[in-house]
Amino acid sequence: MTSAAAKRRLGVLISGRGSNMLALAAAAAEPGFPAEIACVIANKADAAGLGLATARGIPAIAVAHRDYPDKVAFEQAMTAELEARGVELVCLAGFMRLLSPWFIDRWRDRLINIHPSLLPAYKGLDTHARALADGVRIAGCTVHYVRAEVDTGPIVAQAAVPVLPGDTPDSLAARILTAEHRLYSYAVAMIATGAAVVHGDRVDIDPARAGDGTARLFAPALPAL
Ligand code: GAR
C-alpha cells in the first residue's frame with residue numbers, strides 16, 4: 001500500500017475579506033493538491049475572512065496587532081501560533097501590515113506574498129489607479145518570496161490581464177483579483193512540489209515538474225480586428 005505524499009502545511013495571513021485565502025482553501029480541498037491550510041491568522045478580530053475560514057473547518061485565529069506593545073511582540077505571537085500548527089509556508093493574502101525584519105528573517109524562504117501588480121512595477125498601494133493613470137495596456141499580479149524591502153523578493157509566478165477601455169480602478173481590480181485566485185494556488189503548488197525553488201534572489205523553475213504551467217503567464221487572447 002502506498003501512502004499519499006505529505007502535504008505542505010500553509011499558514012495564511014489576512015487582514016480583511018480573505019478572497020485569496022478562500023481560493024487557496026478551494027484548491028486545498030482537491031485531493032491531489034500538494035498543500036493544506038493549517039491555520040488562518042488575521043491581525044484584526046473583525047476580519048471577514050476569519051468567519052469564512054471557520055465555516056470551512058479551517059482553524060482561524062485573531063492575533064490583533066493592537067493588543068501588543070510593539071510590532072515584534074505581535075509577530076512573535078503570530079509565529080507561536082504558526083509553529084504550534086506545524087506551518088511550513090506562510091502565505092500573505094491581503095495582509096496589510098508591514099512586517100519587521102525580525103519576522104521576514106525568521107521565515108526567510110518560507111514566506112510568500114501576492115501583490116496586485118506585475119512587480120517590480122507598482123509596488124505599494126493604489127496599484128490599479130496608478131496603472132490606469134499611466135495608461136498601461138497590461139496589468140496583473142505577482143506571487144513572490146518576501147524580502148526586507150516592501151514588495152520585493154524572488155518572483156514565483158505572475159499572471160497578466162488586459163487593461164480595457166473604460167476601466168476604473170474597481171473594474172481593473174476585479175479582473176486582476178480573478179487572476180490572483182488562480183495564480184496563488186498555482187504558485188503554492190509549484191513550491192510544494194519542488195517545481196519552484198528559491199535560491200538567493202531568484203526562483204528556479206524546473207520545467208519538467210512545472211508541467212503546463214511552465215508558461216507562468218495567463219496572457220489574454222487578442223480579439224480579431
Ligand atoms: C488582493 O488584491 C491582494 O493582492 C492585495 O489585497 C487584496 C486582498 O484581497 N494585497 C496587497 O495589496 C498587498 N500589498 P483578499 O482579502 O480578498 O484576498
Side-chain angles (χ1 to χ4, degrees), residues 10-29 35 37 39-56 58 60-65 71 75 78 89-100 103-104 107 111-133 136 138-163 167-188 216-218:
L10 310 177
V12 184
L13 269 49
I14 65 170
S15 294
R17 67 186 167 187
S19 75
N20 275 291
M21 177 275 295
L22 283 182
L24 284 172
I37 301 183
C39 64
V40 172
I41 296 178
N43 65 299
K44 295 191 280 188
D46 62 354
L50 283 178
L52 298 172
T54 302
R56 282 157 183 79
I58 300 168
I61 307 148
V63 180
H65 64 272
K71 189 183 285 276
E75 294 172 348
M78 287 200 300
L89 181 67
V90 177
C91 303
L92 306 180
F95 185 75
M96 303 310 275
R97 302 293 298 174
L98 291 178
L99 293 164
S100 77
F103 188 88
I104 291 169
W107 291 95
L111 174 61
I112 61 175
N113 178 47
I114 189 158
H115 182 76
S117 77
L118 290 172
L119 292 173
Y122 305 112
K123 297 169 182 168
L125 300 175
D126 300 323
T127 55
H128 313 101
R130 289 156 55 210
L132 288 177
V136 302
I138 300 286
C141 48
T142 302
V143 176
H144 64 98
Y145 280 93
V146 174
R147 294 290 186 258
E149 201 179 323
V150 175
D151 296 329
T152 65
I155 290 171
V156 181
Q158 292 185 301
V161 304
V163 177
D167 260 340
T168 64
D170 283 350
S171 66
L172 180 58
R175 192 173 309 117
I176 292 174
L177 192 64
T178 300
E180 291 184 46
H181 294 163
R182 294 170 60 199
L183 188 71
Y184 216 171
S185 55
Y186 169 63
V188 165
R216 307 191 297 284
L217 177 73
F218 305 126

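Ligands are counted one by one from 1 in listed order, and the atoms in each one are counted from 1 as well.
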- [ ] For D151, check salt bridge (charged side-chain N to carboxylate O under 4.0 Å, His left out) against everything at least two apart and list the hits.
- [x] none
Task: Closest non-hydrogen atom pair between F95 and I14, with its separation - done: CD1-O, 3.5 Å
- [ ] State whether a side-chain donor-acceptor pair under 3.5 Å links T127 with H115.
- [x] no
- [ ] Quickly, which of L13, N113, V12, I112 forms a side-chain contact (heavy atoms from CB on, under 4.5 Å) with V90? Name it, please.
- [x] L13
Task: Amino acids in close contact with ligand 1, where any non-hydrogen atom sits under 4.0 angstrom away - done: R17, G18, S19, N20, G94, M96, I114, H115, P116, L177, E180
Can I get a per-line list of side-chain donor-acceptor pairs under 3.5 Å for residues 41-56, giving both atom names and the distance, sequence neighbours left out?
| residue | atom | partner | partner atom | Å |
| --- | --- | --- | --- | --- |
| N43 | OD1 | S15 | OG | 2.7 |
| N43 | ND2 | H65 | ND1 | 3.0 |
| T54 | OG1 | L50 | O | 3.0 |
| R56 | NH1 | L52 | O | 3.0 |

- [ ] Apply side-chain contact (heavy atoms from CB on, under 4.5 Å) to A27 and list each qualifying residue two or more places apart in sequence or on a separate chain.
- [x] F33, S185
